[in-house]
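Here's the structure we're looking at; comments come further down.
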Amino acid sequence: MEHARPDTIYAYLPWIVAAVIGGGLVLAQAGRSLYIRRLPAIDAIEEAVGRATEMGRPILFVPGLAGVDVPTFQAVAIAGRVARLAAAYRTRLLMPVSNSVIFTMAEQVLREAYASAGGSELFRPEDIRFLSEDQFAFASGVIGLMNRERIATAFFFGNFAAEALILAETGQSLGAIQIAGTPSTLQIPFFIAACDFTVIGEEYYAVTAYLTREPILVGSVWGQDLSRITLAGLIFLMSANMWWLPEWIKSFFSFW
Amino acid sequence: MWGRWGVYLLVALAITLPMVLPVRIRMVPTPPVRSFFRMVEQIPKGKALMIAADFDTGTEGENGPQVEAVLEHAMSRKIPILIMGTAIQGPELVQSYAEDLAKKYDYRYGRDFVNLGYLPGGQPVLEKLGRSIWQTKPTDYQGKPLSQLPMMRRVRTAKDIALVAEFTGAGVLPWYIQTFWAQFRVPLAQGCTGIIGPEQFPYLDSGQLSGLMTGLTGAAQYEHLIKAPKRAYRRMIPQNFAHITVIVLIVLANIRLFAERARRLRGR
Amino acid sequence: MLPAVSETTQKYLIYWLGAICTLAIYTILYRENRLYRLFEHFYIGLAVGFGLYINFKEVIYDVWWKAMMTESSGSIFAFDTPPHLPGIVLERDDKKEGKGCWKWDVGQAAEIRLREIVKEWGTPNYLKLWAKADRPVSGGRLTLIGTVAVPENGQRGTFSISFPMETDRWRLIRLELRAFDIRGSPFRPFEKIGKRNQLGEVTDLRLRANEALVQADATIFLDDLNHNIGYRWWWVFSGLFGLMFYTLFIPRLAWMSRLAMAIPLGLGSGYTFKAFVLELGPQIDASLKPLYGDIPLLRIVNNAIFLIVLLSVMTYFFFSIEHRHSAIRSPAQFGRWMLMVTFGIVFGNTVMGRFSLFISRADFLIREMQVPWDLPEWSRLLIVGHLLAAFLVLAYLSVLYERRKATVGGTEA
Amino acid sequence: MFQPVQDRWRNVFLCVVAFVAGVGALALLQSLPPAHRRRLTGIVTFVVGLYFPLEFFYPRHNFLTPWRDSVSEVLRVLAAFAFGLGAVNLFLIHGRHVARRTPNLIFSLAFFAGFFLMAGAGLMNDFAKGFLAAEPKVGQLGFWEASYRILFQGALLPLTSTVFSLLAFFIASAAYRAFRARTLEALLLMVTSFLVMLANVPYGLTVTSFLPDEGIWRWGRIENLVQWMMTQINAPAMRAILFGVWVGAVGAALRIWLSLERTFVSGP
C-alpha cells in the first residue's frame, strides 16, 4: 500500500481524529473551560519542591533524552512550572539536557519562570547543562551530577529509554524524592519501582495541560480524549455487532 | 549502602561463577518462536531473507545469539541472505557471524550472502530500499559495487525478499512495519531484547509481525528448534542462576516485610 | 612515519583497553569517584567524536557532497569480464578504466548484446561511454538500443540513440537521455513529469555498428558505460539550511535556526498522518474481534478478555470525565490493575535483558581475554577479579582524597 | 531551472552564486520585524508539512510521488548537520574549563582527548589512509585503520556496553527493594514479574513441569500461563497505550503543523 486506499476507513481516520482535536483547540481558544480531572501528581510536585527546600539541597529536573519533539517541549513546560516554584522557595534547580535546541529553549523558559516568580537574581545559566547527545554518555553524566550535587529531589519528565532505571536508582540511593512522568511505556515499571510518584503514559500530557492551563494544551488533551473515547466506542460497537454486519461494512473496516 | 553492595556482589557472583562451572539445561520453545522458525522454514526457493541488524554491541548479548541461530537455519536451507542494518555496528557484527558459519555451509560472500552495511536515515530510507535496493545503496559494506555481487542480480526490490528478520534492542520496528509490511507486503519477524518484547505483542496479534524471539531465552529456544545449541544456550546458564538469585532476593525481602509486619502487630 | 600495527598487537590492545574501560566504569557501583569521572568524560568525548565522524562520512559526504559535487554516476556495464561473444576479446592494456576493455571486431559481428547489465538506472540524465576505433573511419556510427519494461504495470518500450564513431583516440561519449528515440511508453506512472527520465527497468542492451564501420572492418574499443544525473548545485541550499541551525548560538540570528527546524518538523508532522494509517490501521482492524458466531468457545472467551482489557485500559486514560460514577470508575480501576500486570511483565522480561548485558560483558572479560598463555577459565576470572579490586582501591582512595579536600577547601563546583 | 549541470566548474560557480544569494536572502529577512519572521516560519512549516499527506492520501501515483526520495535525503542531510550542535555546546563548556583551569580541567582534557582521537582516527582512516603512515604488510593494518579499530572496538564499544550493563545491578537492587507486597497494585506487579522471570529460565519452569501439558492442567504450567498473559493481557494493554500514543501523536503533529506549540514557537 504505497498510497491510502479510499475504500477503507483508515484513509479517513487520522483526519477524523485531527478534526476532533482541532475542535478541542478551537473551543479552548474561544475561552470555553474544558474539564480535565485533577491528577494526584500535581500535589506531589509541589510537595517535592518543598522537601528540597527543607533539606537545603538542589532539585534536579531531567527532560529525558530530549529531541525536538512534543514530549520534550512539554517537559520543558513542566520545568518552567517547577522553576517557578523553586524560585519562590529560593531553591536551586539543576537541569541537564541532551539536545542543543532544547538547551536554548530550556534556558529561555527557565529565565522567564524565575523572572515571573520574582527571583531573576537566582537564575544561574550554568545550572542548565548540556551533557551529551549520546544516550549513555548523557546518563553517566547525569548520575555524576546527581552524586556531586547530592540532590534532594529529582524530576524525570520526557522521553526515556534504558537510562531511566540508571537515573532513578541513583536518585533512590541518594535518598532523593523522585517524581517521574514519561510517555515511554517500557520505562514506566522502573519509575514505579524506584520513584515516589509516577505519571503513567497518557497522563503525562494531561499533567502538562493541567499545570500550565494553557488553552492550546487543554484543548488538545480534551480533543485527544474525545478521539480515544470515539475509538473505544467504535471498537466496542463493531466487535459486538460483528456477527450480523453486512460484508461491505466489514470490508470498509478491514485494512487490506 | 551495604545492602546495596551486597546485592551487587551477589549478582556479580551469580553470573560469573556459573560461567566457569559445567551445568546443563533444557529449553521449551514458545509459540512466537515456533512461528518465527516456521516463517524461515517456508521461504520459497529463489527468494531472499533480509536480516536487519539494528543493534550495536550494547545489546549484542541478546541479539547476537538470535541472529546466529537464524543465520544457521537459513544457511542450512540454502537461502540467499541479505544483511543490512540501521545501527552502525550491527551489520559488521552479523558479517562476522555469517563468515564463521559460511565455512560450515559452503556459503560464499557475493554469491550466497551480501552485506549492505549501515543505512542511516530511518524510515524514509527503508521505504526507498524497498522500492530499489540498488539505488538506495549502490555499494556493499566495503564499498564494492553491487554489480560485482552475483546474488544482487536476483535481489533488487522488496519483491525479491520473502521475509525480513529484524533484530533490535530499540523501538525501530515501526519503520519496517510502515515500509516493508504495509507498503510492500513483506512479512516481518523480529528478534528483540527482553525489555521491548512485551511491546511487540500487539503487532503479533495484528499479524504485522509473523514471529517473535524475545531475549536470550528466545535465542536459546530457536537453537533448540534447529537442534544446534551454541552461544545462547551457553549464556542461558549464568542467566538461569542470576534469575534464581533475584527471585530468592525478592522472596527474602517479602519474608522480611511480613515478619516486620507480624512483629508490629504482636507489639500492638 | 607512523608504524603499521600487526593484528595480534591490535587484538591485545583492543582487549586490554576494553577491560580497563569496563572495570573503571564498574567502580561507580562502589561510589562516584575520580577514576569513573575521568572515563566518563573520555567516553562523552569519544561518543561525540564518533557521532560527528559517522555523520560526516555517511551523510554529509556520501549524500550531500556527492549529490552536489559529483555527477552521481552508476555503472551500467564495465567491459571488464571476458565477453564469450564472437568477434570480441578482452583487452587488458589499452584501456581507460577498471581491469580491461573490450576489443570488438565489427567485421565478425555487426551487433553485440551486453549481458548482465545493471537494470536499474535510477533517474539519469545522460549516459557516458568510453570508446575509440582502431583507425579513423569517416561516417562511422554506433547505435545503442535498449529494451525497457516497467515492472509495476508490464509496459514495454524501446529506446535507441546513434552517435558518431570516427576517431582513433579514446573519447568519452555523452548520450543525452533527452535525445533518445523512445518508442512505447516505458515510464513509471507520473514519474516522467518534466524530464521524463524515470525509465522502468532496462532489460536488454545492444550496440550496433553501421555500414561504414562494417565495410572498413574496423575494431572498436569500448570501456565503462555509466549512467549519470549530473552536478546538482541546488543542494547547496540544504547545506545552507543546515548551517542555519548554528545561528542558535547567536541570539540576534537565533530565529534562523527555527526557520531551518521548520523543515524537519513540518515534514515530520505531515508524515505522522501517513504513519497513523500504515501502523495503526492494522491494529484497529485486529481489535475488531468477533464475539459470536462460528468460532470455538475458547476463542470467544479469549476475544472477550482481550476486548475487556483493551477497553478498560483505554477508560483509565479518559481525563475529561470525572471518575466518580462507578460505570467509569470500576473499568478504570480494572484498567489500572491490568496496566500493573503489563508493567510486571515488562519488568520480568527486562531482568532477563539486563542480565544478558552483564553476561556479555563478563563473557568479554573472561572468555575473550588476550593473554599469551592458555589459561583455564577460573584463573582468568581471578585475574579480572584482582584487576577490579585494584580499581576499587583506586576509587576508594580518590573518594578519601575528595573528602579531605572538601573539609579543607570547600566543594568543587 | 533546476536542471543538473554537466560541467564541473559551471556547477561550482552556480553553487557559489546560490550560496551568496541564499545568504543575501537571509540578510534581507533579518531586517523583517520578529513577528513577520515568526509568521514566515509558520508558513514554511505548514507548506512543507503538506507534502506527505498530499502525496500519500491521493490514492494513486501523483506528481509529488517522484520527490519521495529527494525529500528523505534532505531530511537526512539536515539531521546530519544538526548533529554538530551538541559538539559545539560541549566545546564551549569544556573549553571554558580548560581556559580557566578549573578543578575540572583534567576531566575536560579527557573529553577533548576522546573527541579528537576518535574523530581524527575515523576521518583519517576514511579519507587519508596513507598520510604519514607506513604501508602495512600482510597480517598488519595501517596505522590509521588500526587506531580507528582500537578506539572503536577497544574503547567506545566497551564503554557503551558497560554503562548499559550497569543496569543488571540496578535492576536487581530495584527488584529487591520495590517488590514488596505493600498494596494490591504492588502485589500485581510483583506476582506477574515473578511468573515471567520463572518462565524465562529453564530452572524456573521446573516448578510446574510435573503438570501434564494437555487438558485443563496445561494452564497450570508457568510457560503456558505466561504466554497467555502475554497475548491476552499484555497485548491489549499495550495496544490501548499505543492508541493513546498515536492519537497523541496526531494532536502533537497538528499543533506543530499549525505552529500552535507555544514553548517552541515563542522561542528566540
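In what follows, every chain begins at residue 1, and chains take the letters A, B, ... in the order their sequences are listed. In this text, all values refer to a predicted model and were calculated from it rather than measured experimentally.
- The contact between D:Arg8 and chain C is made by backbone and side chain atoms together, counting heavy-atom distances below 4.5 Å.
- Contact of D:Leu75 with chain C is made through the side chain alone, with heavy-atom distances under 4.5 Å.
- Interface remark: D:Leu184 contributes side-chain atoms only to the contact with chain C (heavy atom separation under 4.5 Å).
- Ranking C:Ile54, C:Leu13, C:Ile345, C:Ile284 against chain D, the residue ahead of the rest is C:Ile345, based on heavy-atom pairs under 4.5 Å.
- Heavy atoms from other residues, nucleotides or ligands lying under 6.0 Å from CD1 of D:Ile106 number 12 at most.
- Of the candidates D:Trp257, D:Phe56, D:Phe52, D:Phe52 is the only one forming a ring-ring contact (aromatic ring centres under 6.0 Å, His included) with C:Tyr271.
- Among the candidates C:Tyr43, C:Trp337, C:Phe273, C:Phe358, the residue making the largest number of heavy-atom pairs closer than 4.5 Å to chain D is C:Tyr43.
- Among the candidates D:Leu159, D:Leu254, D:Leu242, the residue making the largest number of heavy-atom pairs closer than 4.5 Å to chain C is D:Leu159.
- Interface remark: of the candidates D:Val44, D:Leu78, D:Val17, D:Val163, D:Leu78 forms the most heavy-atom pairs closer than 4.5 Å to chain C.
- Side chains of D:Arg38 and C:Arg258 form no contact here, defined as non-hydrogen atoms less than 4.5 Å apart.
- Contacts between C:Thr350 and chain D at a heavy-atom distance below 4.5 Å involve backbone atoms as well as side-chain atoms.
- When C:Phe245, C:Tyr246, C:Trp64 are each tested for a ring-ring contact (aromatic ring centres under 6.0 Å, His included) with D:Phe81, only one passes: C:Trp64.
- In this structure, C:Arg361 is positioned above the aromatic face of C:Phe364, its NZ or CZ under 6.0 Å from the six-membered ring centre and within 45° of the axis.
- The aromatic ring centres of C:His41 and D:Phe107 sit less than 6.0 Å apart.
- Heavy-atom pairs under 4.5 Å with chain C peak, among D:Ile256, D:Val74, D:Asp126, at D:Asp126.
- Looking at C:Met244, the atoms closer than 4.5 Å to chain D (heavy atoms on both sides) all sit in the side chain, from C-beta outward.
- A donor atom on one side chain and an acceptor atom on the other are found under 3.5 Å apart for D:Ser165 and C:Tyr26.
- Counting heavy atoms from C-beta outward, C:Gln10 and D:Ile150 have side chains that approach closer than 4.5 Å.
- Between chain D and the residues C:Asn302, C:Leu38, C:Val277, C:Thr22, the most heavy-atom pairs under 4.5 angstrom are made by C:Asn302.
- With a 6.0 Å radius and a threshold of 12 heavy atoms from other residues, nucleotides or ligands, C:Arg174 has its CZ atom above the threshold.
- Between D:Val196 and C:Gly348 the shortest heavy-atom distance is CG1-C, 3.8 Å.
- Among C:Lys274, C:Met314, C:Glu279, C:Glu7, the residue with the largest count of heavy-atom pairs under 4.5 Å with chain D is C:Lys274.
- Comparing D:Glu145, D:His94, D:Glu185, D:Arg10 by how many heavy-atom pairs each has under 4.5 Å with chain C, the most go to D:Glu185.
- Contact annotation for C:Trp16: neither backbone nor side-chain heavy atoms come within less than 4.5 Å of a heavy atom of chain D.
- Checking side-chain atoms of C:Asn55 against main-chain N and O of C:Gly51 turns up a donor-acceptor pair under 3.5 Å.
- Nearest heavy atoms, D:Ala134 versus C:Pro3: CB-CA, 4.4 Å.
- Under the 3.5 Å distance criterion, with hydrogens and angles disregarded, no donor-acceptor pair is assigned to the side chains of D:Trp246 and C:Gln283.
- Residue contact with chain D, scored on non-hydrogen atoms closer than 4.5 Å, is absent for C:Leu307.
- In terms of non-hydrogen atom pairs under 4.5 Å with chain D, the most contact-rich of C:Ala260, C:Ala67, C:Ser312, C:Ala275 is C:Ala275.
- With a 4.5 angstrom heavy-atom cutoff, D:Thr160 touches chain C via backbone and side-chain atoms both.
- There is no contact between C:Ala19 and chain D, counting heavy-atom distances below 4.5 Å.
- Heavy atoms closer than 4.5 Å to chain C are found in both the backbone and the side chain of D:Met229.
- Contacts of C:Tyr316 with chain D are absent, with no heavy-atom separation under 4.5 Å from either backbone or side chain.
- Within the 4.5 angstrom heavy-atom criterion, no atom of C:Leu23 approaches chain D.
- Contact between C:Phe42 and D:Ala155 at its shortest, heavy atoms only, is CE2-CB, 4.3 Å.
- Relative ring orientation between C:Tyr61 and C:Phe56 is described as parallel, the plane-to-plane angle staying below 30° on a 0-90° scale split at 30° and 60°.
- Under the 4.0 Å criterion applied to side-chain N and carboxylate O atoms, C:Lys128 and C:Glu71 are assigned as salt-bridge partners.
- Contacts of D:Tyr148 with chain C are made by side-chain atoms alone, with heavy-atom separations under 4.5 Å and no backbone atom involved.
- D:Asn89 touches chain C through backbone and side chain together, each having a heavy atom under 4.5 Å away.
- Heavy atoms closer than 4.5 Å to chain D are found nowhere in C:Thr8, neither backbone nor side chain.
- The backbone N or O of C:Ile229 sits less than 3.5 Å from a side-chain atom of C:Asn125, completing a donor-acceptor pair.
- Neither the backbone nor the side chain of D:Leu187 comes within contact range of chain C, judged by heavy atoms closer than 4.5 Å.
- At a 4.5 Å heavy-atom cutoff, the contact between D:Phe170 and chain C is made by side-chain atoms alone.
- The contact between C:Phe237 and chain D is made entirely by side chain atoms (from C-beta outward), counting heavy-atom distances below 4.5 Å.
- Counting heavy atoms from C-beta on, the side chains of C:Arg354 and C:Leu357 come closer than 4.5 Å.
- In this structure, the portion of D:Tyr51 lying under 4.5 Å from any heavy atom of chain C is its side chain and not its backbone.
- Heavy-atom distances place the side chain of D:Phe127, and not its backbone, under 4.5 Å from chain C.
- Using a 3.5 Å distance cut-off with no hydrogens or angles, the side chains of D:Gln6 and C:Glu176 do pair a donor with an acceptor.
- At a 4.5 Å heavy-atom cutoff, the contact between C:Phe50 and chain D is made by backbone and side-chain atoms alike.
- Both the backbone and the side chain of C:Arg252 come within contact range of chain D, with heavy atoms under 4.5 Å apart.
- Looking at D:Ser259, its side chain never comes within 3.5 Å of a backbone N or O of D:Arg255 through a donor-acceptor pair.
- Both the backbone and the side chain of D:Asn234 come within contact range of chain C, each with at least one heavy atom under 4.5 Å from a heavy atom of that chain.
- When the candidates D:Leu156, D:Val191, D:Asp7 are compared by the number of heavy-atom contacts under 4.5 Å with chain C, D:Leu156 comes out ahead.
- Contacts with chain D were tallied for C:Leu280, C:Val313, C:Val59; C:Leu280 has the most, counting heavy-atom pairs under 4.5 Å.
- Residue D:Phe243 comes nearest to C:Ser287 through the heavy atom pair CZ-OG, 3.7 Å, listed as atom of the first residue, atom of the second, then distance.
- Interface check for chain C: of the options D:Thr41, D:Leu85, D:Leu188, the most heavy-atom pairs under 4.5 Å are formed by D:Leu85.
- With a 4.5 Å cut-off on non-hydrogen atoms, D:Phe152 touches chain C through its side chain but not through its backbone.
- Contacts of D:Phe19 with chain C are made by both backbone and side-chain atoms, with heavy-atom separations under 4.5 Å.
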